[in-house]
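Data block below; observations after.
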2 protein chains.
Amino acid sequence: MMTETMQALRDLQKKLYAFQFALNVIDFDAQTVAPSESYSGRGEALEVLSSIKYSLIADPALPALLEKARGEERTEQEAAEVAELQRMYDETSKIPAQEYAAFVKLTTAAVNAWEKAKAASDFSLFAPYLEQIVAYRRRTAAYFDANKAPYDVWLDQYEKGLSMAQCDAFFDQLKAVIQPLVKEIGQRGAKIPCDFLKGTWPIEAQKMLSAAVMKLMGIDERHCVLSESEHPFTTEFYKGDVRITTHYHEDDMASNLYSVIHEGGHALYELHMADRLQYTCLSGGASMGLHESQSRLCENYLGRSLGFIKSLWPTLTELFPTQLAGVTPEAFYKAVNQCQPSLIRTEADEVTYCLHVMVRYELEKRLMDGSLAVKDLPAAWNAQMKELLGVDVPDDAHGVLQDIHWACGDLGYFPSYALGTAYGAQMMASMRKDLDVDALLEAGNWAPITGWLEERIWQYGKEKTPAQLLKNACGGEFDPKFYTDYLVEKYFAIYEL
Amino acid sequence: MMTETMQALRDLQKKLYAFQFALNVIDFDAQTVAPSESYSGRGEALEVLSSIKYSLIADPALPALLEKARGEERTEQEAAEVAELQRMYDETSKIPAQEYAAFVKLTTAAVNAWEKAKAASDFSLFAPYLEQIVAYRRRTAAYFDANKAPYDVWLDQYEKGLSMAQCDAFFDQLKAVIQPLVKEIGQRGAKIPCDFLKGTWPIEAQKMLSAAVMKLMGIDERHCVLSESEHPFTTEFYKGDVRITTHYHEDDMASNLYSVIHEGGHALYELHMADRLQYTCLSGGASMGLHESQSRLCENYLGRSLGFIKSLWPTLTELFPTQLAGVTPEAFYKAVNQCQPSLIRTEADEVTYCLHVMVRYELEKRLMDGSLAVKDLPAAWNAQMKELLGVDVPDDAHGVLQDIHWACGDLGYFPSYALGTAYGAQMMASMRKDLDVDALLEAGNWAPITGWLEERIWQYGKEKTPAQLLKNACGGEFDPKFYTDYLVEKYFAIYEL
């Protein structure tokens, strides 16, 4: 039997679930279906619902209830629920309600301004908003820990325990391998034939490919459907209803293919939370880095493997017989793994991807310590891109304005993309000790792979920390070397270095 | 300046708006996009959100606030808001919270059972739920007025002031004209050629037709989009975001065409509420009957007119050149107006439509006064269909199980369909005094027509009663003779009687 206190906390969690459900449905609808000029009424509704949700978790009576629950705790899960609710309370209640509401309004306006600025490729339209966002983040960090550097506060919020010191070391380790690798690939000038990827790929056939890929991955269509949006994303309403989106471009089939696999990875994680976590605050990915580890693991370590492409080949050649005439699975594999420094993070290959993240990390660090003014950000962006990737940025739309994150108020979020990528490589190395991954992929048999991940990671939601989950899956501490080793081995083979 | 009391009531209305927004988005998503097995988590969220919304309106402190507001009232709109909030409070608070919550759960389960029963064409799967629904409706009517017959209580809830006495008189008046008319058309045996409607109509072309029709009607795509669902419907999130749905059948283009015009009529109503009513309880159609009057007015009185078909003819023949080869607008007009007693209400022609409503009305009356048991309903349905329409019902799916309404708990709702249809005819007669409707339709010029309706009806939302709005539009009391006259004139011409 559950104690009365714990029952009260379960009721609260159910309420929080219901509000989050509503907020997620409204957001999903806005990004996939809503008419173009429907913001104002949605904004009014969101403001009311968000503020009620805020008051539920920032309830002054909650700490006493949590304290009482700690004296009564019984199961490991109940303890984790109490700890997570305490964390949510601390995080939410530390920022005064007024300031929080003002920030929600600010970011809403900022996203709107960012969209216009990106369309016009004019950073100045967005700069006034970003200035306020940076100021807010610098100021409010002190509510959490006045003795910490603001950026350390926010890194820790996105990925528990993360700091600039750790990021610096992590990124240095990556840079030491990736930059020489990119250089070597470039110097060899070995061009991989990938002109065939350019052709024309009918949207209807691409849609059939999406369905086939989801089936292959074992995504249950009774609980997960694919929609379309400008930027692909995943949102979970609950473990029985997860939505993923993609975008279709007639001249680029790989973009949809790898969007579906990436978002499909996020979806598989959410679809496999343990039933017992449903409607509690423990449902959902353990951290942003952990979530990204699963999506990038599916997209890259599984989806960009030769075995997977071989298993998909009958479908691909049936759907695109002329486009793939004379192309072999091996040639396709090399083409979708081409390494080429480029401008846009979300389209970057596996080797250069983390360099894009580092550009953002370096700039965020300087914005947060006050050494870089928002007005100087475009020039600093372009300089970083030149330094780390060796590319010239032609305009703000293809540069500093490409990502939505800063407009949403997220400063400190980007490093988790690189972290997740590296987590995933370490998990794969561990999985390979237990399973013949390549043979399974080639046979189109994903079940043992997803079962391995479900057992070690997915089922736990937020019940375990990212570090515990990583240990669960890999038997040790986080080590980025698995990732750099993977890159070197894969790309030496592809480019015959 | 608004008084403090009125400001508090506005805050409450904004909250109610936000919850209704969330509930509507969730419902719309469920009917258009959600994966098939995603009910349970949605049900949990809906239960929480509905019950919070219930407690907002059934708040014991509300009557005193409303009383205070009545002493302070200033504008006509504020008075209407107070009256509507009082009505909502009375309606909601009369049913004990526990009983209300149990009924929400019951109808949720009933809809689920109804879907399965309909698919299996087996009434017995649905009967136990309907028995509980009927019992609940019979029992709880007494909370509203213990001296009234339960069915009178519910008729009045759906359409203020409506009673069995009025319905009996109304339906008798319709029957006296419609039954002989149907008989005469049948006896003449004059078959209208409509085989061409059967052909094959590519879905993509039908989608383009939908867009063209919405444009013609003046539906602003920046505020209203068309989605797909099994049963077409309209839902409004707010006046800046209205959703309509349709369904596409390759062998039936008229079904989509008239669904879009019907739902488009509902949408136009919602899109043209006055701005000042936004986020108040006065936003939304004045009654179910009024709403249906606008959709059926658009569908039938405008959409099934020769003028409209002529204006759409260039689009129709461009999209369907082979299907409509050799067909004239006049032939098309007659084909989409063919009168033929049939099994399904939503597909009925204008003449027989109200007979379908009468079948339901007669049965509801008997269910509510206890003279008909739920178990005997299928036989009674089939007998009524034979008596009123002269058709033999082959199975429950095409009979008693065809509509969702009873599963939703709605008993007393159907008469408003007939009422709305008759309201619309009276409005058209009035409009024709001011405008050359046929010429405008033929010219594809809907703006004066929609402007006429906006000025007299749409802008007011619930600020005026249905009777006031009808008087506003028609200058007199409701009179069903406008409707029967319309039918006789139109159908005598089509069938050359």
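All chains are named by letter (A, B, ...) in the order of the sequence lines, taking the proteins before the strands, and each is independently numbered beginning at 1.
Listed here is the closest heavy atom pair of A:P35 and B:C224: CB-N, 3.8 Å.
The shortest side-chain heavy-atom distance between B:F21 and A:V48 does not fall under the 4.5 Å cut-off.
With rounding to the nearest 0.5 Å, the separation of CG in B:L49 from CD1 in A:I52 is 9.5 Å.
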Under 3.5 Å, what donor-acceptor pairs does chain B form with chain A?
{"from": "B:K14", "atom 1": "NZ", "to": "A:E44", "atom 2": "OE1", "distance (Å)": "2.6"}
{"from": "B:Y17", "atom 1": "OH", "to": "A:G41", "atom 2": "O", "distance (Å)": "2.6"}
{"from": "B:D29", "atom 1": "OD1", "to": "A:R243", "atom 2": "NH1", "distance (Å)": "2.9"}
{"from": "B:D29", "atom 1": "OD2", "to": "A:R243", "atom 2": "NH1", "distance (Å)": "3.4"}
{"from": "B:D29", "atom 1": "OD2", "to": "A:R243", "atom 2": "NH2", "distance (Å)": "2.6"}
{"from": "B:E37", "atom 1": "N", "to": "A:R222", "atom 2": "O", "distance (Å)": "2.9"}
{"from": "B:E37", "atom 1": "O", "to": "A:H223", "atom 2": "ND1", "distance (Å)": "2.8"}
{"from": "B:S40", "atom 1": "OG", "to": "A:Y238", "atom 2": "OH", "distance (Å)": "3.1"}
{"from": "B:G41", "atom 1": "N", "to": "A:Y238", "atom 2": "OH", "distance (Å)": "3.1"}
{"from": "B:G41", "atom 1": "O", "to": "A:Y17", "atom 2": "OH", "distance (Å)": "2.6"}
{"from": "B:E44", "atom 1": "OE1", "to": "A:K14", "atom 2": "NZ", "distance (Å)": "2.6"}
{"from": "B:R222", "atom 1": "O", "to": "A:E37", "atom 2": "N", "distance (Å)": "2.9"}
{"from": "B:H223", "atom 1": "ND1", "to": "A:E37", "atom 2": "O", "distance (Å)": "2.8"}
{"from": "B:Y238", "atom 1": "OH", "to": "A:S40", "atom 2": "OG", "distance (Å)": "3.2"}
{"from": "B:Y238", "atom 1": "OH", "to": "A:G41", "atom 2": "N", "distance (Å)": "3.1"}
{"from": "B:R243", "atom 1": "NH1", "to": "A:D29", "atom 2": "OD1", "distance (Å)": "2.9"}
{"from": "B:R243", "atom 1": "NH1", "to": "A:D29", "atom 2": "OD2", "distance (Å)": "3.4"}
{"from": "B:R243", "atom 1": "NH2", "to": "A:D29", "atom 2": "OD2", "distance (Å)": "2.6"}

List the steps, then state whether side chain to side chain contact (heavy atoms under 4.5 Å, CB included) holds for B:F28 with A:V25. CA-CA 10 Å; B:F28 173 79; A:V25 178; over 6 Å; no
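When heavy atoms are compared at a cutoff of 4.5 Å, A:L46 does not approach chain B at all.
For B:A120, the side-chain contact (heavy atoms from CB on, under 4.5 Å) test picks out B:D122, B:L125, with sequence neighbours left out.
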